[in-house]
Trainee: 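Take a look at the following structure, please.
Counting convention: from 1, in listed order, for ligands and their atoms alike.
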Amino acid sequence: CGGNSSYNDLSSGDSSVAEEVPKYRVVLLGESGVGKTALVSQFMTSEYMNTYDASLDDEFGEKTVSILLDAEESEMVFIDHPSIEMSVENSIATYEPHACIVVYSVVSKGSFKVAEEILNYLWQENYTREKTVIVVGNKADLMRARCITTEEGKQLACSRECKFIETSSGIQHNVDELLVGVLKQIRLRETRDKK
Ligand code: GDP
């Protein structure tokens, strides 16, 4: 997306004023068992992670991490509620997230259908146009059992103007790329919204 950050170097002024680290909420959505918890656990081991204070963890599947990307720090809160405990509608209304990660498993047609329904809802609510939504096809390591092609995943994401990535939290494939991608998209949108 060409989203390289550049600094307006106003170094002549007093730069000692401490800047607040921006905090972004990211909600994970998708059928149970697709690997949402596993993905968030992998984020915690990312090379981009600055600090992770486990004491900040909420018992309700919320994890707060500080990410250092392009020499800028951002705090990210990953919210991962089991779908039986909290509906998509409720999650969005409660957290007003900056981004949503909609996960399905490439070995489960049912989870793909659920992802489609979630995206339809986010689309209806105008959320996909106003915020960052990333569609994730997880478990890409299970090649023989795959029943959703990369093309199908891309098409779904594209039809709802979302970004798309296939991952495997099992073999750590594209997990850092997802983490960085989410943060870059949020920053990009924030810059655009300020204009
Ligand atoms: P959640 O219910 O969406 O949070 O799913 P979990 O993170 O609990 O994962 C459900 C199961 O899928 C667990 O047994 C994980 O070990 C497994 N799993 C998660 N991600 C992957 C992956 O990328 N590849 C494989 N092979 N298994 C995975």
Trainee: Atom 21 (C) of ligand 1: which of Ser169, Ser168, Ser32 has the nearest heavy atom?
Mentor: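 Selected option, by shortest heavy-atom distance: Ser169.
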Trainee: Looking at Ala38, which atoms of ligand 1 are within less than 4.0 Å of one of its heavy atoms?
Mentor: 7 (O), 19 (C), 20 (N)
Trainee: When you compare ligand 1 with Asp141, is there at least one nitrogen or oxygen pair between them that comes in under 3.5 angstrom?
Mentor: yes
Trainee: At a 4.0 Å threshold, what atoms of ligand 1 neighbour a non-hydrogen atom of Leu142?
Mentor: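 Taking each heavy atom of Leu142 in turn, ligand 1 has 26 (N) under 4.0 Å.
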Trainee: Write out the residue and atom name of the closest protein heavy atom to atom 12 (O) of ligand 1, then the distance separating them to 0.1 Å.
Mentor: Lys139 NZ, 3.0 Å
Trainee: Give me the residue, atom name and distance of the protein heavy atom closest to atom 2 (O) of ligand 1.
Mentor: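 The answer is Gly33 N, 2.7 Å.
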Trainee: Please list, chain by chain and in numerical order, all residues satisfying side-chain hydrogen bond (donor to acceptor under 3.5 Å, both in side chains) with Glu177, sequence neighbours excluded.
Mentor: none
Trainee: With a 3.5 Å cut-off and no angle check, do the side chains of Glu73 and Ser66 form a donor-acceptor pair?
Mentor: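 Glu73 vs Ser66: donor-acceptor pair found between side chains.
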Trainee: Is atom 10 (C) of ligand 1 in close reach of the protein, with a heavy atom under 4.0 Å away?
Mentor: yes
Trainee: Which residue owns the protein heavy atom closest to atom 4 (O) of ligand 1, what's the atom, and how far is it?
Mentor: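 Checking every protein heavy atom, the shortest distance to atom 4 (O) of ligand 1 gives Thr37 OG1, 2.5 Å.
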Trainee: Are any of the N/O atoms on Thr167, whether in the backbone or the side chain, positioned under 3.5 angstrom from an N/O atom of ligand 1?
Mentor: no
Trainee: Are Ser111 and Ser108 close enough that a side-chain donor and a side-chain acceptor fall under 3.5 Å?
Mentor: yes
Trainee: Between Asn138 and Thr167, do the side chains contain a donor N or O and an acceptor N or O under 3.5 Å apart?
Mentor: yes
Trainee: What's the separation between atom CD1 in Ile165 and atom CG in Leu179, rounded to the nearest 0.5 Å?
Mentor: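 The CG atom of Leu179 is 10.5 Å from CD1 of Ile165, to the nearest 0.5 Å.
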Trainee: Restricting to pairs with a member in residues 126-146, which pass salt bridge (charged side-chain N to carboxylate O under 4.0 Å, His left out), not counting sequence neighbours?
Mentor: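 Passing the test, one end in residues 126-146: Arg146-Glu166.
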Trainee: Would a search of protein heavy atoms around atom 15 (C) of ligand 1 find one under 4.0 Å away?
Mentor: no
Trainee: Rounded to the nearest 0.5 Å, what separation is found between the OH atom of Tyr24 and the CD atom of Glu75?
Mentor: 11.0 Å
Trainee: Is there a nitrogen or oxygen of Gly35 sitting under 3.5 Å from a nitrogen or oxygen of ligand 1?
Mentor: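 Yes: some nitrogen or oxygen of Gly35 is under 3.5 Å from one in ligand 1.
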